[in-house]
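These notes concern the structure reproduced below.
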Protein chains: 2
Amino acid sequence: MDVKVFAKLVGKSLLKNETVVAFMKCNVSYSGRAESVLGEGDRMIVIKSDNTVLVHQPEGNNPVNYMKPGSEITFEDNILHVFNAKEKAWLDVEMLEVYDVAKKKLEDGQKLDLAGNEKDMSDFLRDNPHKISSDFKPEKREHQTDVGFIDLFGHDGQGNLVVVECKRVTASLMAVDQLRRYVERVKQIKGVENVTGVLAAPGITPNAKEMLSSWGFIFSKVEPPKRLERWQKDQKSLAEF
Amino acid sequence: MDVKVFAKLVGKSLLKNETVVAFMKCNVSYSGRAESVLGEGDRMIVIKSDNTVLVHQPEGNNPVNYMKPGSEITFEDNILHVFNAKEKAWLDVEMLEVYDVAKKKLEDGQKLDLAGNEKDMSDFLRDNPHKISSDFKPEKREHQTDVGFIDLFGHDGQGNLVVVECKRVTASLMAVDQLRRYVERVKQIKGVENVTGVLAAPGITPNAKEMLSSWGFIFSKVEPPKRLERWQKDQKSLAEF
DNA sequence: ATATAGATCTCGTCA
DNA sequence: TGACGAGGTCTATAT
């Protein structure tokens, strides 16, 4: 397809809220929070109806270049200019040959329903405190407070305060850093010393475990729960690997 | 397009290393590290030549669902099954109507050249140590060693060891956590107490600054350098916003 | 394969 | 709007 024809097509499509995808040979350059150049090659360019632009190479999960929603899209000769004032960024696609184009106005009012995130995990632990310890009494599941963004907060049978940090994947050194910071904040704000730190996760790396122990904190092995029960059957068959 | 025709087209395209994109009305379900369902709506489905699968809604930067490279792609009636044994994950796309399809074998041997990342920043500080302090002497830019992944390590005129952590964006509490952990490791391993921690970043959040000070560490305002000098002119015009 | 940390991270949420 | 932390994070690198 002729590049000028493509430019007109994109202009019309954007007015009609269509999403456009094109296969083309191109050079790409970007400047914004960082800078990049990408030499001549074949890519898939996506222009969404919210003026998101994606540049995909033939392999890999992620776009090699992108511009966020709300960008301005213009054409100048064979250059596709994408500009985002808020991000102070621009992307230029030098179009050498447009192979094929497809477009469609997509009607989609649905939102993804996802289960198994960290919130599901701390909800589960609040309702099943024995997973932490036999005498753990949860008090609050909180997000932002003056003591930080603690996942789960409570106390034990001896009156010690307990701070629980949840991770849905193997806990790393950074998770221990985070727990340590929360425990120190609680000690500071509550003016007490007997605060127990608990890291709840399906696993922990060796160095993180060592650091956890050195701070007197406790690891609690907990799997992230899966709320969408209808998938349990399928999960079981997957577990047979 | 008929769904069965689409299935055959995809099968043939994958054999030819083509990338396929389709606009369709569909339901999507996923199970793997988490689980999700997405009700009926119009989406763009991308099947790359490395068997990456992306599901894009008409708005937003990121795919609403995806499967990593190396997945198995099969069809059963009007269901597109994507399965990844390594990830123990599957994705089902119930195809209700295929509106349009485009495909192309993309030839691309190029790699992105990107400037302004954290490595560029620590390289710059090694070559311009006065940006840290007048008497800073860099010794090593190291990645993994026995003292951790320290960005830049050196000493000052008084013989104090200096640990520099670089951040290309505003430094947060987590950056201070990281620096603190590195400084403590250096103290431990070198058996000395006089270790200075420096956080080099274009900015720092108020809480992070307070925590940094409380640990006796120093903030050094440094912008991430832009190595691709050909863009400096454009950067200047962008800076005029 | 695991561990570690960066990323043009993106995204949601809350003060 | 900034701050903070999660993410099906993903990706690169080193062990």
Side-chain angles (χ1 to χ4, degrees), chain A residues 30-36 52 55 60-69 84 86-91 111-112 114-122 142-146 148-151 165-175 177-178 181-182 203-209 224 226, chain B residues 30-36 52 55 60-69 84 86-91 111-112 114-122 142-146 148-151 165-175 177-178 181-182 203-209 224 226:
Chain A
Y30 153 78
S31 181
R33 286 182 293 204
E35 298 179 323
S36 73
T52 297
V55 181
N61 220 68
N62 289 343
V64 66
N65 280 114
Y66 59 89
M67 291 287 280
K68 287 188 175 177
N84 194 306
K86 195 184 151 206
E87 299 282 327
K88 296 185 184 178
W90 55 258
L91 178 80
K111 288 219 165 180
L112 189 74
L114 191 137
N117 55 15
E118 200 185 83
K119 186 175 176 303
D120 286 335
M121 201 167 159
S122 56
E142 41 192 355
H143 291 281
Q144 284 106 323
T145 72
D146 55 352
F149 298 27
I150 296 170
D151 289 325
E165 172 62 26
C166 300
K167 290 292 166 196
R168 61 183 305 287
V169 293
T170 302
S172 66
L173 289 165
M174 280 182 168
D177 282 340
Q178 219 179 103
R181 172 152 49 88
Y182 294 159
I204 185 166
T205 65
N207 287 348
K209 195 178 177 75
K226 304 206 168 172
Chain B
Y30 154 80
S31 182
R33 285 186 293 207
E35 299 177 323
S36 73
T52 297
V55 180
N61 222 66
N62 290 344
V64 66
N65 279 114
Y66 59 88
M67 291 288 279
K68 287 188 175 176
N84 194 305
K86 195 183 151 205
E87 300 281 327
K88 295 185 184 178
W90 55 258
L91 178 80
K111 288 218 166 182
L112 189 75
L114 191 139
N117 55 16
E118 200 185 84
K119 186 176 177 301
D120 286 334
M121 201 166 158
S122 56
E142 38 192 357
H143 291 280
Q144 283 105 325
T145 73
D146 55 352
F149 297 29
I150 296 171
D151 289 326
E165 171 63 26
C166 301
K167 291 291 165 195
R168 61 182 305 288
V169 292
T170 304
S172 66
L173 289 166
M174 279 184 169
D177 282 340
Q178 219 179 102
R181 172 153 49 87
Y182 295 158
I204 186 167
T205 64
N207 287 347
K209 195 179 178 77
K226 306 218 165 164

Take the protein atom [atom1] of [X] and the nucleotide atom [atom2] of [N], then report the distance between them rounded to whole Å.
X: A:Asn61; N: D:dG7; atom1: CG; atom2: C1'; answer: 13 Å
X: B:Lys119; N: C:dT4; atom1: NZ; atom2: C1'; answer: 17 Å
X: A:Met174; N: C:dC9; atom1: CE; atom2: P; answer: 15 Å
X: A:Glu35; N: C:dT8; atom1: CD; atom2: P; answer: 13 Å
X: B:Met121; N: C:dT8; atom1: CE; atom2: C1'; answer: 15 Å
X: A:Asn117; N: D:dG8; atom1: CG; atom2: C1'; answer: 10 Å
X: B:Asp177; N: C:dA5; atom1: CG; atom2: P; answer: 11 Å
X: A:Glu118; N: D:dG7; atom1: CD; atom2: C1'; answer: 10 Å

[N] and [M]: how far apart are their [atom1] atoms, nearest whole angstrom?
N: C:dT8; M: D:dC4; atom1: P; result: 22 Å
N: D:dG7; M: C:dA5; atom1: C1'; result: 15 Å
N: D:dT11; M: C:dC11; atom1: P; result: 16 Å

Phosphate-side-chain proximity, [X] and [N], N/O vs OP1/OP2 below 4.0 Å:
X: A:Tyr66; N: C:dT10; result: yes
X: B:Ser36; N: D:dG8; result: no
X: A:Lys167; N: D:dA6; result: yes
X: A:Thr170; N: C:dA3; result: no
X: A:Tyr182; N: D:dG5; result: yes

Applying a 4.0 Å non-hydrogen cut-off, can you work out what [X] is touching in the nucleic acid: base, sugar-phosphate, or nothing?
X: B:Asn65; answer: base
X: A:Gln178; answer: sugar-phosphate
X: A:Met67; answer: nothing
X: B:Ser172; answer: nothing

- Verify the stacking flag for A:Phe149 against D:dC4: centroid separation must be under 5.5 angstrom and the ring planes must differ by under 30 degrees. no
- Residue whose nearest DNA chain C nucleotide is more 5′ - A:Ile204 or B:Arg168: A:Ile204
- Note on the structure: Judged by nearest nucleotide, the residue sitting upstream toward the 5' end of DNA chain C, B:Glu165 or B:Val169, is B:Glu165
- Message: Judged by each residue's nearest nucleotide on DNA chain D, which is more toward the 5′ side, B:Lys111 or A:Cys166?
- Response: A:Cys166
- Specify the residue among B:Asn207 and B:Arg33 whose closest nucleotide of DNA chain D lies further upstream toward the 5′ end. B:Asn207
Atom [atom1] in [X], atom [atom2] in [Y]: separation rounded to 0.5 Å?
X: A:Lys68; Y: A:Glu87; atom1: NZ; atom2: CD; answer: 4.0 Å
X: B:Leu173; Y: A:Asp177; atom1: CG; atom2: CG; answer: 11.5 Å
X: A:Ser122; Y: A:Glu165; atom1: OG; atom2: CD; answer: 9.5 Å

- Item | Student check: side-chain heavy atoms of B:Val55 and B:Pro63 closer than 4.5 Å | no
- Query: Hey, does A:Lys167 have a side-chain heavy atom less than 4.5 Å from the side chain of A:Met121?
  - Reply: no
Output the single nucleotide from [options] whose closest atom is nearest the side chain of [X].
X: B:Leu114; options: D:dC10, C:dT8, D:dG8; answer: C:dT8
X: A:Thr205; options: C:dT8, C:dT4, D:dT11; answer: C:dT4
X: A:Arg181; options: D:dG5, C:dA5, D:dG8; answer: D:dG5

- Message: Applying side-chain contact (heavy atoms from CB on, under 4.5 Å) to B:Arg168 and A:Arg33, what does each step give before you reach the verdict?
- Response: CA-CA 9 Å; B:Arg168 61 182 305 288; A:Arg33 286 182 293 204; 4.2 Å; yes
- Message: Taking B:Cys166's backbone N and O only, do any of them form a donor-acceptor pair with B:Asp151's side chain (distance below 3.5 Å, no angle check)?
- Response: yes
